[in-house]
Student: 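One structure coming up, written as structure tokens, with questions to follow.
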Amino acid sequence: MGKDSKSSKALTPQGRAVLERVGANIRAARMRRNMTQAELARRTLTSHTTLMRLERGEPTVGVGVLVQVLDVLGLLGGLEAVASPAADATGLALQEVRGRQRARSRTPKKDELDF
């Protein structure tokens, strides 16, 4: 594996597995298009080594490289859905709970007090 960073050391096993699957998916997409790693690296203006690291799922490859590769492979459209607010069921549920808590704990205004 390449250089380690604090963020890559903090990855959970699930996070590492996702990166490895994404890398394998990119490799499969490249091969379906009958492209070599060298050709894809050239077309994405990145190094062959960086592309190899991306396909292995190494966490230190920059997100910009991922975007370039997906764009060249014609797969960029799906990336927008990754953190889509509409698909974030957990976040929406938490937001709803916080909204209800704020509504209940609201301090009455001076003219709302009943003395």
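Since the model is a prediction, treat every value here as computed from it, not as a measurement. We're numbering straight along the sequence, starting at 1.
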Student: Does any part of the side chain of Leu54, heavy atoms only, come nearer than 4.5 Å to the side chain of Thr50, both counted from C-beta?
Tutor: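 Sidechains of Leu54 and Thr50: no contact.
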Student: Between the side chain of Arg16 and the main-chain N/O of Thr12, is any donor-acceptor distance below 3.5 Å?
Tutor: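 Looks like no, no N/O pair under 3.5 Å.
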Student: Once you round to the nearest 0.5 Å, how far does CG of Leu19 lie from OG1 of Thr60?
Tutor: 10.0 Å
Student: With rounding to the nearest 0.5 Å, note down the distance linking CZ in Arg27 to CE in Met31.
Tutor: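 Going from the CZ atom of Arg27 to the CE atom of Met31 covers 4.5 Å.
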Student: List the atom of Leu11, the atom of Pro59, and the distance in Å for their closest heavy-atom pair.
Tutor: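 Smallest heavy-atom distance, with atoms named: CD1-CB, 3.3 Å.
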Student: With rounding to the nearest 0.5 Å, note down the distance linking CG in Leu51 to CZ in Arg56.
Tutor: 10.0 Å
Student: Measure the spacing between CD of Gln37 and CD1 of Ile26 and express it to the nearest 0.5 Å.
Tutor: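 The distance works out to 11.5 Å.
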Student: Transitively linked via ILVMFWY side-chain contacts under 4.5 Å: Leu76 with Met35?
Tutor: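 Linked, Leu76 and Met35 end up in one cluster.
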Student: Determine whether a donor-acceptor pair (N or O, by modelled atom type, separation under 3.5 Å) exists between the side chain of Thr44 and the backbone of Leu40.
Tutor: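 The answer is yes, because a donor-acceptor pair under 3.5 Å joins these two groups.
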Student: Determine the sole option in Asn25, Leu70, Val69 for which the side-chain contact (heavy atoms from CB on, under 4.5 Å) test with Leu75 is passed.
Tutor: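 Single pass found, and it is Leu70.
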Student: With clusters defined by side-chain heavy atoms of hydrophobic residues (ILVMFWY) lying less than 4.5 Å apart, directly or transitively, does Leu45 cluster with Val72?
Tutor: no
Student: So which heavy atom on Val67 is nearest to which on Leu79, and how close?
Tutor: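 Where Val67 meets Leu79 most closely, the heavy atoms are CG2-CD2, 3.6 Å.
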Student: Are Val82 and Val65 joined in one hydrophobic group, where the rule is that I, L, V, M, F, W and Y side chains link up if heavy atoms are under 4.5 Å apart?
Tutor: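 Yes, Val82 connects to Val65 through the hydrophobic network.
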Student: Output the distance between atom CG (Leu66) and atom CG (Asp71), rounded to the nearest 0.5 Å.
Tutor: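 Atom-to-atom, Leu66:CG and Asp71:CG are 11.0 Å apart.
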Student: Is the shortest distance from a Lys or Arg side-chain nitrogen in Glu55 or Arg30 to a carboxylate oxygen in the other one below 4.0 Å?
Tutor: yes
